[in-house]
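Below: the structure, in structure tokens.
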Amino acid sequence: MSDEQNVTQEENRLIAERREKLAAIRAEGNAFPNCFRPNAKAQELQDKYGEHERDALEELGIEVAVAGRLMLDRKSFKVLQDVTGRIQIYATKEVQQDTRHWDIGDIVGVKGKLCKSGKGDLYVMMDEYVLLTKSLRPLPEKHHGLTDTEQRYRQRYVDLIMNENTRKTFQIRTKLIQGIRQYLVERGFYEAETPMLQVIPGGATARPFVTHHNALDLDMYLRIAPELYLKRLIVGGFERVFEINRNFRNEGLSTRHNPEFTMVEFYQAYADYHELMDLTEDMLRTLAEQLLGGTEVQYQGQTFDFGKPFIRMTVFESILHHNPDITAEELNDIEKARAVAERLGITLRDADGLGRIQTEIFEETVEHKLLQPTFITAYPTEVSPLARRNDEDPFVTDRFELFIGGREIANGFSELNDAEDQAERFRQQVAEKEAGDLEAMFYDEDYVVALEYGMPPTAGEGIGIDRLAMLFTDSPSIRDVILFPHMRPQA
RNA sequence: GGGCCGUUAGCUCAGUGGUAGAGCAGUUGGCUUUUAACCAAUUGGUCGAUGGUUCGAAUCCAUCACGGCCCA
């Protein structure tokens, strides 16, 4: 594309007209004044005075100063939008004449008497008014707003200006994170910040992003999880820690995956996975009540009840429960289980053991059916390299995952604090990596050393904030709850 | 990576082979307590890109780009 074509696209007539208006404003003085201080917010005025009678309001003679973006212009009545909502401003004929250079999208400040119109709506009389920022680009259509998904994600600022629902979604997301932080802090958890740049990307099985540290001439990885560092803090004696921050996984993009996503991870010494399941259940219930005003979560036409006790069953039980045609005997025999998996169209590697095969069968046939909040427990040791083995059955670990709406929301377990067992599990992961599993873990020698100093018995958990935000905001795509989701750059 | 769908004015969308349309926004004027204000007039387009078929392509075909949904 030539520069000239670019200019005609970027600088169309509508923008050119506004630039001319801006040039005229510049010629008369400061085009970007920062002199106006609002003393009221639109929605607060609506809440406080919306129900007043017209005459009663007149008698009060309230003077207010409001500022915001011009969203509608009915000439005499104009609509101003601030962070809280909208309020009308009223222009007499003279004021209309004086503000002819104002456009929809401009940022303005208005001072004057708070009044009520004949139809009962509040407005601010434009006794004093100032154009604070000229908007050079026209806003989308006033009624339909911005609906083009691509543009909503690429130009989130326009989406936020135009769509109240988008603003609301991100307000709920923020409250969700604040609620989780408050919940944990109230229970004695310390908030920690551990490295995002790691030499050994540990704590999960996932492909990492690679970067390079110039001064050290060292390849580093963006973290896939904070887990191993948070547990070092447990070794250090913190006993209860948490971190809310981004993880990075070098995987595809979908309605459920963004390469960077937000997790809360927390670790509690002298607790086991049962206590974390209880805590999780209570926390989600508390958050639902705080944010949604009740324990029923409406999601895409379904209702998830956070008020009832969450279902709990093992991986093994859940497979049998949801697959009447599979027997316990088949699941317990590696050759028979392999045949079941292959019948289901699951691709297995030769090195995959029974635990991995069972897990694959679970993911294929059960996960998506777990609509109501469900804890699945007893994940095979083979697929849980950081989790404590079950005392009675070392084939499985004391681990759970929480599913809601068919999606994994949380993953937690009693932590493996046996340094020698951990070293052996890492060796097994390295063998899998060498056999071609790109997601297998690295051997983290220092983490084993940390465990050798002694980590108290501990339980830990990670909760995917984005997926939880999807549930709480009834959003079908993870992109709807991430302010700036990743997209392929435009051509 | 595969399948299906989409891409037309700043925005929301019509337009299935014969002169590129509407609403909103913009511009000009009118009205002046409106509620997506209203009335009149009016500006604005390489129809995602590149090839092809055709007398003629927004429309049919191919390739590519970007996006959406589903699958892997």
Side-chain angles (χ1 to χ4, degrees), chain A residues 1-2 4-22 42 46 50 54-55 57-58 69-81 85-106 112-126 134-159 161-164 251-257 300 344-348 360 363-364 367-368 406 475-480 485-491:
Chain A
M1 190 181 284
S2 75
E4 198 176 314
Q5 282 171 324
N6 231 325
V7 165
T8 53
Q9 280 200 348
E10 294 297 310
E11 297 287 281
N12 69 30
R13 183 181 40 85
L14 297 173
I15 296 174
E17 280 169 5
R18 291 184 177 214
R19 278 196 197 281
E20 281 171 27
K21 290 177 187 174
L22 175 59
Q46 303 283 11
R54 195 177 177 182
D55 296 342
L57 192 62
E58 166 84 37
R69 192 183 293 275
L70 204 57
M71 296 303 291
L72 294 171
D73 187 0
R74 305 186 188 108
K75 304 309 170 192
S76 52
F77 284 97
K78 304 169 196 298
V79 175
L80 196 139
Q81 175 173 290
R86 294 182 171 195
I87 191 160
Q88 297 196 108
I89 54 179
Y90 183 80
T92 62
K93 235 175 161 168
E94 294 68 38
V95 175
Q96 287 172 46
Q97 188 65 20
D98 198 39
T99 57
R100 269 175 312 165
H101 57 295
W102 285 18
D103 285 299
I104 289 171
D106 289 352
K113 195 172 171 187
L114 189 63
C115 306
K116 210 155 196 193
S117 74
K119 301 279 169 63
D121 278 359
L122 284 183
Y123 65 87
V124 179
M125 188 59 86
M126 293 174 68
K134 188 74 198 160
S135 168
L136 295 175
R137 289 176 184 264
L139 288 179
E141 205 258 346
K142 62 186 174 190
H143 186 49
H144 299 93
L146 186 66
T147 63
D148 183 85
T149 322
E150 182 175 357
Q151 212 176 329
R152 284 184 48 228
Y153 296 153
R154 287 193 196 276
Q155 293 186 282
R156 183 66 88 184
Y157 41 92
V158 180
D159 185 30
I161 292 169
M162 297 307 298
N163 296 323
E164 192 190 350
E251 295 160 355
L253 293 85
S254 78
T255 47
R256 289 187 290 278
H257 298 88
Q300 304 291 296
L344 290 164
I346 296 167
T347 312
L348 293 171
E360 295 282 341
E363 287 177 2
E364 174 70 23
E367 262 193 31
H368 65 279
S475 299
S477 169
I478 196 169
R479 288 180 172 158
D480 295 325
H486 288 290
M487 310 272 285
R488 200 183 292 270
Q490 277 172 309

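Within every chain, numbering begins at 1; the chains are lettered A, B, ... in the order of the sequence lines, protein sequences first and strands thereafter.
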Should the pair Tyr90(A) and Tyr123(A) be assigned to parallel (<30°), tilted (30 to 60°) or perpendicular (>60°) ring geometry? tilted

Side-chain-base donor-acceptor pair under 3.5 Å for [X] and [N]:
X         : N      : result
Gln88(A)  : U34(B) : yes
Tyr123(A) : U33(B) : yes
Ser117(A) : U35(B) : yes

Length of the line joining [X]:[atom1] and [N]:[atom2], which is rounded to integer Å:
X         : N      : atom1 : atom2 : result
Asp103(A) : U27(B) : CG    : C1'   : 11 Å
Lys75(A)  : C39(B) : NZ    : P     : 14 Å
Arg13(A)  : G44(B) : CZ    : P     : 7 Å
Leu253(A) : C70(B) : CG    : C1'   : 16 Å
Gln96(A)  : C31(B) : CD    : C1'   : 10 Å
Tyr153(A) : C66(B) : OH    : P     : 18 Å

With sugar-phosphate meaning primed atoms plus P, OP1 and OP2, does [X] contact a base, only sugar-phosphate, or nothing at under 4.0 Å between heavy atoms?
X         : result
Gly252(A) : nothing
His144(A) : sugar-phosphate
Met487(A) : sugar-phosphate
Lys21(A)  : sugar-phosphate

Within a radius of less than 6.0 Å around CD of Glu363(A), do more than 12 heavy atoms belonging to other residues, nucleotides or ligands occur? yes

Watson-Crick/G-U partner (both atom distances under 3.5 Å) of [N]:
N      : value
A58(B) : none
G6(B)  : C66(B)
G29(B) : C39(B)
C11(B) : G23(B)

Within the structure, does a side-chain N or O atom of [X] lie under 4.0 Å from either OP1 or OP2 of [N]?
X         : N      : answer
Gln151(A) : C11(B) : yes
Arg74(A)  : A37(B) : yes
Lys142(A) : C24(B) : no
Arg154(A) : G67(B) : yes

Could you please name the option among [options] that lies closest to any side-chain atom of [X]?
X         : options                : answer
Ile104(A) : C69(B), C66(B), A25(B) : A25(B)
Leu72(A)  : U32(B), U35(B), A36(B) : A36(B)
Thr147(A) : U32(B), U12(B), C71(B) : U12(B)

Just how far is it from atom CD1 of Ile346(A) to atom CD of Glu360(A), taken to the nearest 0.5 Å?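 It comes to 6.0 Å.
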
Between A40(B) and G45(B), how far is it from one C1' atom to the other, in whole Å?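 Those two atoms are separated by 25 Å.
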
With C1' as the reference atom in both, quote the distance from G15(B) to A22(B) in angstrom, rounded to an integer. 10 Å

